[in-house]
Amino acid sequence: MNKPVTQHAAASTLDRLKVGSVATVVDVAVSSSMKQQDGLNLTRRLKEIGFVKGELVRILHRGYFGGEPIAVRIGQSTFALRNFEAALIGISPMELLNA
């Protein structure tokens, strides 16, 4: 069995992305502050709902109090993530060109 990733290979994480920004998912990593089993369950759930390498993700909205939850569009689906969940998702931000 492969060891879970505990550090991101990505330059940034989804929780740092601004509203309206688009990025590509690079990886989903277990936080070192989480219990190993809890981290594995959460990263597996995030991957099952579509946060896999290469997928495009867009931040649609942030909550008013503390910026939580974060409304995220991936594929044709929209999800609400807590900040600590979004911090597990490594991303590569994309530059959008004005057409």
Side-chain angles (χ1 to χ4, degrees):
M1 185 170 141
N2 293 337
K3 285 188 173 185
V5 177
T6 56
Q7 289 187 333
H8 288 291
S12 189
T13 54
L14 190 59
D15 63 315
R16 296 182 186 157
L17 205 58
K18 294 181 180 181
V19 173
S21 299
V22 176
T24 303
V25 175
V26 174
D27 64 6
V28 179
V30 176
S31 170
S32 59
S33 64
M34 298 176 80
K35 291 181 182 177
Q36 188 68 19
Q37 190 60 42
D38 292 342
L40 290 175
N41 289 338
L42 183 54
T43 57
R44 182 175 56 237
R45 183 180 70 87
L46 290 170
K47 289 176 183 178
E48 286 173 351
I49 63 175
F51 292 94
V52 294
K53 185 175 182 175
E55 285 294 322
L56 294 180
V57 61
R58 178 187 299 266
I59 302 294
L60 300 177
H61 183 73
R62 287 185 179 271
Y64 293 111
F65 303 107
E68 198 170 64
I70 304 169
V72 178
R73 165 77 46 133
I74 189 158
Q76 298 297 316
S77 301
T78 302
F79 297 98
L81 299 177
R82 294 171 282 186
N83 286 328
F84 84 91
E85 294 168 325
L88 299 176
I89 302 167
I91 59 160
S92 177
M94 295 180 64
E95 296 288 329
L96 293 180
L97 301 175
N98 293 332

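Every value quoted in this text rests on a predicted model; they were computed, and no experiment measured them.
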Who are the ring pair (Phe, Tyr, Trp, His ring centres under 6.0 Å) partners of Tyr64, not counting sequence neighbours?
His61
Quick one: does Arg44's side chain get under 4.5 Å of Val28's, heavy atoms only?
no
Enter the distance from Ser21:OG to Arg16:CZ here, rounded to the nearest 0.5 Å.
14.0 Å
So how far is it from Leu60 CG to Arg58 CZ, rounded to the nearest 0.5 Å?
7.5 Å
Ala86 and Ile70 have their tightest heavy-atom pair at CB-CD1, 3.9 Å
Using 0.5 Å steps for rounding, measure from the CD atom of Glu55 to the CD1 atom of Ile74.
5.0 Å
Rounded to the nearest 0.5 Å, what's the gap from CG on Leu17 to CD1 on Ile59? Could you check?
5.0 Å
Please table the atom pairs, donor to acceptor, closer than 3.5 Å between any side-chain atom in residues 77-84 and protein atoms at least two apart or in another chain.
| residue | atom | partner | partner atom | Å |
| --- | --- | --- | --- | --- |
| Thr78 | OG1 | Arg73 | NE | 2.9 |
| Thr78 | OG1 | Arg73 | NH2 | 2.9 |
| Arg82 | NH2 | Glu85 | OE2 | 2.8 |

What are the two closest heavy atoms between Asp15 and Ala87, and how far apart are they?
OD1-CA, 3.4 Å
Just do the side-chain contact (heavy atoms from CB on, under 4.5 Å) check on Val22 and Val57 with the steps written out, would you?
CA-CA 6 Å; Val22 176; Val57 61; over 6 Å; no
To the closest 0.5 Å, what do you measure between CG (Asp27) and CD1 (Ile89)?
10.0 Å
With a 4.5 Å cut-off on side-chain heavy-atom distances among I, L, V, M, F, W and Y, is there a chain of contacts connecting Ile49 to Val52?
no
Approximate separation, where rounding is to 0.5 Å, of Lys47 NZ and Leu88 CG:
10.5 Å
Minimum heavy-atom distance Val26-Ser92, with the two atoms named
CG2-N, 3.6 Å
